[in-house]
There are 2 protein chains.
Amino acid sequence: MHPATQMIREILDVSAEFEGHLGRELSVNPTDLAAMEHLIQSGPLAPSELARRLHITPPAVTASVDRLEAVGHVLRTHDAGDRRRIVITASQASTAQAMGVLMPMIRDVDRVIESFDADQQAAITRYLDQVLVAYRSHIPSDGSA
Amino acid sequence: MHPATQMIREILDVSAEFEGHLGRELSVNPTDLAAMEHLIQSGPLAPSELARRLHITPPAVTASVDRLEAVGHVLRTHDAGDRRRIVITASQASTAQAMGVLMPMIRDVDRVIESFDADQQAAITRYLDQVLVAYRSHIPSDGSA
DNA sequence: ATCCATTACTTAAAGAGGTGAACTATTCGA
DNA sequence: TCGAATAGTTCACCTCTTTAAGTAATGGAT
């Protein structure tokens, strides 16, 4: 196995550790953390959308949002137009708290590539893109339809 | 966020999907899959070592090994020298089954870097190494002692 | 040589989180 | 306006995990 391939695997491990750290920081379980990440990344979302993204069922989302709401991490609001619909919003304070952990890490990772010249940066970007392609080619395309 | 940084994040997502695929292939839950991966990667391990690596408690390992043993994925053997100790070994057939999914993916990812010239390969490798360093610098060094 | 503390794993009871099925409220097309 | 569809929730049940207690084996101190 090429050192680069091995390092990608190590990045996966380190990333998992980082998630654990962030989860402890916000005092939430992995599912609730994943929900928070989507809400912070994408803005307010419907429970059904969270269910789709987290690969869990609607009742599990209800439970997750209950937990997050109880500790003030998110807010439930009813959609004005369609009163069946609920919108989940990450609280400002919790978003800031998560950002406080995420941003410095992202900034540092982002900074790494800047120390390479344009040609090297292009190579790195193309490499990552092709790794992504290779990875994806080994995942059966869902088939849930 | 630089495209490269964004792609690393996407690799994390795709990798998670791939894990799901492998788990379905072996018909095991995420915990049991993680155990299998360690056993395949590192060879026979003690339950206590699995507990340490998977960040779960010894009873959870007992349960996991019970499940894996029941479907023939692993074998429990008593250590000859110290009869308190147990050694868990991944079965030959299950290892081959997992390899059948893993190897083609690893091979393809490994192949990606070969299409770059020596200078670019060095840049890619150094980039990944520094990303790893950056990532690690944002993880509190355990502190469980 | 024999205790007693320690180590390694398991069993047991209880808790957290997930799913499928059924329920409630709301919207929308015939 | 009424039946079907949609969105979210409640309910019962199941799986997996943890803490606490139990069992077996080892090993150092006497």
Side-chain angles (χ1 to χ4, degrees), chain A residues 16 19-20 22-24 26-39 42-71 73-90 142 144-145, chain B residues 16 19-20 22-24 26-39 42 44-71 73-90 144-145:
Chain A
E19 290 274 300
L22 182 54
R24 280 186 293 277
L26 297 183
S27 305
V28 296
N29 68 35
T31 296
D32 297 356
L33 175 62
M36 285 301 291
E37 286 176 339
H38 279 280
L39 292 169
S42 306
L45 297 172
S48 52
E49 174 62 18
L50 279 175
R52 200 184 61 72
R53 295 187 182 205
L54 305 184
H55 303 301
I56 59 178
T57 57
V61 173
T62 296
S64 172
V65 172
D66 284 348
R67 291 189 295 267
L68 290 171
E69 199 177 32
V71 297
H73 279 327
V74 304
L75 211 70
R76 256 193 187 95
T77 54
H78 290 262
D79 183 286
D82 185 340
R83 281 185 314 202
R84 289 171 305 182
R85 290 187 155 81
I86 297 285
V87 176
I88 315 299
T89 310
D142 197 344
S144 65
Chain B
E19 289 274 301
L22 182 53
R24 281 186 293 277
L26 298 183
S27 306
V28 296
N29 68 33
T31 298
D32 296 357
L33 175 62
M36 286 300 292
E37 287 176 340
H38 279 280
L39 292 168
S42 307
L45 296 172
S48 52
E49 175 61 19
L50 280 175
R52 199 185 61 73
R53 294 188 183 205
L54 306 184
H55 302 302
I56 59 177
T57 57
V61 173
T62 297
S64 172
V65 172
D66 283 348
R67 292 188 296 266
L68 290 171
E69 197 177 33
V71 296
H73 279 327
V74 304
L75 211 71
R76 258 195 187 93
T77 53
H78 289 262
D79 183 287
D82 185 339
R83 281 184 313 201
R84 290 170 305 180
R85 289 188 156 81
I86 297 284
V87 177
I88 316 298
T89 310
S144 66

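Every chain is numbered from 1, with letters handed out A, B, ... down the list of sequences.
The shortest distance between the side-chain N/O atoms of N29(A) and the OP1/OP2 oxygens of dG17(C) is below 4.0 Å. Within the structure, a side-chain polar atom (N or O) of R76(B) is placed less than 4.0 Å from OP1 or OP2 of dT10(C). Remark: S48(B) is in phosphate contact with dC9(C), judged by side-chain N or O atoms under 4.0 Å from OP1 or OP2.
In this structure, CG of D79(A) is placed 13 Å from P of dT26(C), rounded to the nearest angstrom. With rounding to whole Å, I88(B) atom CD1 is found 12 Å from dA8(C) atom C1'. A straight line from CZ of R83(A) to P of dT27(C) spans 5 Å, rounded to a whole angstrom. In this structure, NE2 of H78(A) is placed 12 Å from P of dT27(C), rounded to the nearest angstrom.
Shown here for V74(A) and L39(A), the closest heavy-atom pair between the two residues is CG1-CD1, 3.7 Å. Counting all heavy atoms, side chain and backbone alike, A35(B) lies closest to L68(B) at CB-CD1, 4.1 Å. L75(A) and E69(A) make their closest contact through C-OE2, 4.4 Å (heavy atoms, listed as atom of the first residue, atom of the second, distance). Closest approach of R83(B) and H78(B) over heavy atoms only: O-ND1, 4.1 Å.
Residues passing the salt bridge (charged side-chain N to carboxylate O under 4.0 Å, His left out) test with D66(B) are R76(B), sequence neighbours excluded. Among residues two or more places apart in sequence or in another chain, the salt bridge (charged side-chain N to carboxylate O under 4.0 Å, His left out) test is passed with R67(B) by D32(B). Listed by chain and number, the residues in a side chain to side chain donor-acceptor pair (under 3.5 Å) with R52(A) are E49(A) (sequence neighbours excluded).
Side-chain contact between L22(B) and M36(B): absent, with no pair of heavy atoms (C-beta onward) separated by less than 4.5 Å. The shortest distance between side-chain heavy atoms of P47(A) and T62(A) does not fall below 4.5 Å.
Remark: side-chain polar atoms of H73(A) are not paired, donor with acceptor, to backbone N or O of V28(A) under 3.5 angstrom. Listed for the T77(B) side chain is a donor-acceptor partner under 3.5 Å among the backbone atoms of V87(B).
Bounding nucleotides for the chain B contact on DNA chain D, 5' to 3', at a heavy-atom distance below 4.0 Å, are dC16(D) to dT26(D).
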Could you write out each protein N or O paired with an N or O of nucleotides 2-6 of chain C at a distance under 3.5 Å?
none

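Near-neighbour residues of DNA chain C inside residues 52-67 of chain B, defined by a heavy atom below 4.0 Å, number-ordered: P58(B), P59(B), T62(B).
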